[in-house]
Trainee: 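Before I ask anything, let me first share the structure, which is written out below as structure tokens.
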Protein chains: 2
Amino acid sequence: MVRPNAGTKGVPRLDRESQILAIASQEFGMRGFTATSVATVAKRAGISKPLIYNYFGSKEGLYEACLDLGGSLVADEIERIARGDSVGIERGMETLGGMFALLEQRRYLWRLFFDVTAPSTGAIADSIGVYADRIGKLAEEGVAELMGLAGNDDELDISAMTSVWLGIVDSLMNWWVEHPEQTAEQMMQRCVRLLTAIVGGAEQ
Amino acid sequence: MVRPNAGTKGVPRLDRESQILAIASQEFGMRGFTATSVATVAKRAGISKPLIYNYFGSKEGLYEACLDLGGSLVADEIERIARGDSVGIERGMETLGGMFALLEQRRYLWRLFFDVTAPSTGAIADSIGVYADRIGKLAEEGVAELMGLAGNDDELDISAMTSVWLGIVDSLMNWWVEHPEQTAEQMMQRCVRLLTAIVGGAEQ
DNA sequence: CCTATATGACTTTCGGGTAAGTTACCACCA
DNA sequence: TGGTGGTAACTTACCCGAAAGTCATATAGG
């Protein structure tokens, strides 16, 4: 049986893995876990499906690898900023800036942790949970500080506000994906302008 | 061949259709288009799959029907509020209140128009586009007013802010879905508190 | 008896996953 | 220096289950 190109490319495993992960993260991030097909990832990477299974075991394994890569990247950065001494809105803006700088070349990464189509049980759910919790905890901590400054300690209010805050980051990331020409710096300045518009508008 | 109950229920088509649509909207809204199976909808409705195909033609047809139902509901309400004379943040809060009141019994409806797993081409995409555009246009109009009050007419700023605004509504709806015991009234009051916390925090 | 309502059982399609093999390269030895 | 065998990289062709979609038929009521 003739099998053109079988084994002829000779790309080292680690190189190939990063290449696959880069493409897979993008697909998962853009379309969500369920709507992403392994065959599509393979095709985009110019390789065959079994190679992916050989390296990552399963579709879930592939997703987990993406999560591990992106999750620590994002969570570490947020943690770094949380260790600083800014509080309230200022801390929020700093976090935004950090995310913009970090994800400029891979904006879709953010979506991995908030994919509603990912399995809700099993290893993936655990893995998502780890990072979503880590990010969520930090967000909640910052939000609680902000709310505390305003004299509000209501747990549900904090929970809802955290959800809103993550939603805002999510929206900005999605908008950024659709405006690839915008730099991280421009995004940051834009956010400052948006904030002033809100505050100014609410004071009237 | 014995087929128990075939044709014995005698439910008028229109009644059956609304019943199916109510269940389908919930499934599509909660799980997304891809993750929803027609068989599940049929089972939950206590009927067989072919009946759904008989009435709606295809899974996409079923989704479109849900969109038409939910889309006009939501868009009409937003339009109604937009015709009022409130502007800026106030108009935003009024719109939120309208959404809470309208969707209290069907909070998942909101998600139909922002489902990333829905097909991005074909009739569905068109249909989503119609309603997303209609809602998006109204949102953008309101946002532009708000930004104008703050002396900002930048088109990209307005576009980004619109995205953020829709993201906020989205977050609140999702949070609401996960807190079923919260009433529309409670949500509205919560939003007022959240807004004051943001404004207060930014003024420091 | 005709039509609307309804169904069980089937075919088709699609995507995750696998079996079995092919090619290239390198280390080792005569 | 050239053969050789082991291994890493890679492929085609398939399996299988789940879900979309269809067909032929059954029941009830005007």
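We name chains A, B, ... by the order of the sequence lines, and we start the count at 1 in each one.
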Trainee: For C:dT23 and A:K9 - does any side-chain N or O of the residue sit under 4.0 Å from the phosphate oxygens OP1/OP2?
Mentor: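 Checking A:K9 against C:dT23: no side-chain N or O falls below 4.0 Å of OP1 or OP2.
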Trainee: Take atom CG of A:D15 and atom P of D:dA8, then tell me their distance rounded to the nearest Å.
Mentor: 16 Å
Trainee: Apply side-chain hydrogen bond (donor to acceptor under 3.5 Å, both in side chains) to A:R190 and A:Q182, showing your working.
Mentor: CA-CA 10 Å; A:R190 168 156 292 121; A:Q182 297 290 310; 2.8 Å; yes
Trainee: When you get a sec, tell me which of D:dA20, C:dA6, C:dG15 is the closest nucleotide to the side chain of A:S37?
Mentor: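 Out of D:dA20, C:dA6, C:dG15, the nucleotide with an atom closest to A:S37's side chain is C:dG15.
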Trainee: Looking for any heavy atom pair under 4.0 Å, which part of the strands does A:T40 touch: base, sugar-phosphate only, or nothing?
Mentor: nothing
Trainee: Could you check how far CD1 of A:I20 sits from P of D:dA9, rounded to whole Å?
Mentor: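 The answer, rounded to whole Å, is 11 Å.
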Trainee: Can you list, in residue-number order, the parts of residues 48-70 of chain B that come under 4.0 Å of DNA chain C, counting heavy atoms only?
Mentor: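 Listed by number, they are B:S48, B:P50, B:L51, B:Y55.
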Trainee: Passes side-chain hydrogen bond (donor to acceptor under 3.5 Å, both in side chains), B:N174 versus B:R111? Steps please.
Mentor: CA-CA 8 Å; B:N174 289 339; B:R111 298 204 198 173; 2.7 Å; yes
Trainee: With a cut-off of 3.5 Å and sequence neighbours excluded, list every side-chain donor-acceptor pair involving residues 140-147 of chain A.
Mentor:
residue, atom, partner, partner atom, Å
A:E141, OE2, A:R91, NH1, 3.3
A:E141, OE2, A:R91, NH2, 3.3

Trainee: Do B:S37 and B:T40 come close enough that some side-chain heavy atom pair is under 4.5 Å?
Mentor: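 Heavy-atom side-chain distance check passes, below 4.5 Å.
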Trainee: Side-chain N or O of A:R13 versus OP1/OP2 of D:dC10: is the shortest distance under 4.0 Å?
Mentor: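 A:R13 to D:dC10 OP1/OP2: no side-chain N or O under 4.0 Å.
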Trainee: Has A:Q186 got a side-chain atom pairing as donor or acceptor with A:T183's backbone, closer than 3.5 angstrom?
Mentor: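 Flag set: sc A:Q186 to bb A:T183 pair under 3.5 Å.
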Trainee: Provide the full list of salt bridge (Lys or Arg N to Asp or Glu O under 4.0 Å) pairs with a residue in residues 11-30 of chain A, sequence neighbours left out, each pair given once.
Mentor: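 Applying salt bridge (Lys or Arg N to Asp or Glu O under 4.0 Å) to every pair that reaches into residues 11-30 of chain A, excluding sequence neighbours, yields A:R13-A:E17, A:E27-A:R31, A:E27-A:R44.
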